[in-house]
Protein chains: 2
Amino acid sequence: MLSNATVYGIRAVIYIAAKKDRKYVPISEISEKLKISFHFLTKILQKLTQRNILISNRGPQGGIAFNRPPDKIYIAELVDAIEGADLFDRCVLGLPGCGVETPCPMHDQWTIVKVQIKSQFEKTTVSELAKKVSERNERL
Amino acid sequence: MLSNATVYGIRAVIYIAAKKDRKYVPISEISEKLKISFHFLTKILQKLTQRNILISNRGPQGGIAFNRPPDKIYIAELVDAIEGADLFDRCVLGLPGCGVETPCPMHDQWTIVKVQIKSQFEKTTVSELAKKVSERNERL
DNA sequence: GTGTTTTAATACTCTTCTATCTTAATTATC
DNA sequence: GATAATTAAGATAGAAGAGTATTAAAACAC
């Protein structure tokens, strides 16, 4: 459903939000803790800095940090930034132009699912998930 | 969400169900009508004959046909056969062993989505979709 | 039984995703 | 300024999905 890259990005962002002690978190730390290839993760997070979701700083004490409080960052934004938009708009059967006027046979039922996924991703914030990780000690 | 192969398989099966005039339908006909590469489609449909969802017959007047009435064939079966099972069981964040005891931070909300998708696919039959195509002239 | 239609099986190519490697470029600290 | 820490960027390699090509095998028709 989501690509590896997107999942890595989401997990990394949750990781940063879950630790509030330091402003800039080096990517190397995230990559070690979450067992994600450093260089791969770097490229993914670059997409998030380019979208001004994160800010980065080179040099000692550098790393990445939020450019905006994590309770204002929604999972849907991360997916958009990394995966590319339209993920939640595609037809299940991949038919171009499938819509209300010219639906595919699964259109109606799939619309229900799509709306649900989309709204979940649009209402879920990073800080919300980070809270579960730090307070309820959930896995990351 | 679903791979191309799976989508092609589903569409092909719906196509066969939508035309009741002949028992065996040659793959070449399906591939032309649905604009799917013949050889690629052949490989996909082989997986369905191996699972005894379809039967095939070589030679003139040959082709593929249902091994069981299409109102007894569920979309979930097709997905399983082509995509491999466990599609609807995976964790959104790809964490191995994510479950009720050791959940990931998105576990609870994603479970809701998964259950819904799964039950939709499990209750939807091929004949149901074929009916929409033939009666309501929906796209395929 | 020869030829034609059709699926089966295998091997190969192409593209995209995933990941790695190398080399900059930038910043802080001493 | 020199050095170390750290992201940025590009080039390359591996893996998997998507698609193509070739050949074999089966069934029917004549």
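We name chains A, B, ... by the order of the sequence lines, and we start the count at 1 in each one. Because the structure is predicted, anything quoted here is derived from the model rather than measured.
OP1 and OP2 of dA8(D) both lie 4.0 Å or more from every side-chain N or O belonging to Thr42(A). Here Gln46(B) reaches the OP1 or OP2 of dA9(C): one of its side-chain N or O atoms lies under 4.0 Å away. Distances shorter than 4.0 Å separate none of the side-chain N or O atoms of Asn4(A) from OP1 or OP2 on dC17(C). The phosphate of dA9(C) has OP1 or OP2 within less than 4.0 Å of a side-chain N or O from Gln50(B). OP1 or OP2 of dT18(C) has not a single side-chain nitrogen or oxygen of Tyr8(A) nearer than 4.0 Å. Phosphate contact (OP1/OP2 of dA8(D), side-chain N/O of Ser56(A), threshold under 4.0 Å): present.
Between Tyr24(B) atom OH and dT6(C) atom P there is a gap of 14 Å when expressed in whole angstrom units. Residue His39(A) contributes atom NE2, which lies 16 Å from atom P of dG14(D) at whole-angstrom precision. Atom CZ of Phe38(A) is separated from atom P of dT7(D) by 5 Å (rounded to the nearest Å). Residue Leu41(B) contributes atom CG, which lies 14 Å from atom C1' of dA8(C) at whole-angstrom precision. Atom CE in Met1(A) sits about 15 Å away from atom P in dC17(C), given to the nearest Å. If you measure from atom CG of Leu45(A) to atom C1' of dA8(D), you get 12 Å, rounded to the nearest angstrom. Rounded to whole Å, the distance from CD1 on Ile64(A) to P on dT26(C) is 19 Å. When the P atom of dA8(D) is taken as reference, atom CD1 of Ile55(A) falls 11 Å away, rounded to whole Å.
Of all nucleotides listed (dA5(D), dT6(D), dA21(D)), dA5(D) comes nearest to the side chain of Pro60(A). Here the nucleotide nearest the side chain of Phe40(B), chosen from dG19(D), dT18(C), dA9(D), is dG19(D). The side chain of Pro26(B) has dT6(C) as its nearest neighbour among dT18(C), dT6(C), dT7(D).
Donor-acceptor pairing under 3.5 Å is recorded for the side chains of Thr6(A) and Ser3(A).
Residues Gly59(A) and Ser3(A) each lie close to DNA chain C; by heavy-atom proximity, the contact nearer the 5' end of the strand is made by Ser3(A).
The backbone N or O of Leu54(A) sits nowhere less than 3.5 Å from a side-chain atom of Arg68(A) that would complete a donor-acceptor pair.
The side-chain heavy atoms of Tyr15(A) and Val25(A), taken from C-beta on, include a pair separated by under 4.5 Å.
Residue Lys132(A) qualifies as enclosed at atom NZ: its count of foreign heavy atoms under 6.0 Å is above 12. Atom NZ of Lys114(A) is surrounded by more than 12 heavy atoms from other residues, nucleotides or ligands within 6.0 Å.
A donor and an acceptor atom sit less than 3.5 Å apart, one in the side chain of Lys43(B) and one in the base of dT20(D). A donor and an acceptor atom sit less than 3.5 Å apart, one in the side chain of Arg58(B) and one in the base of dT7(C).
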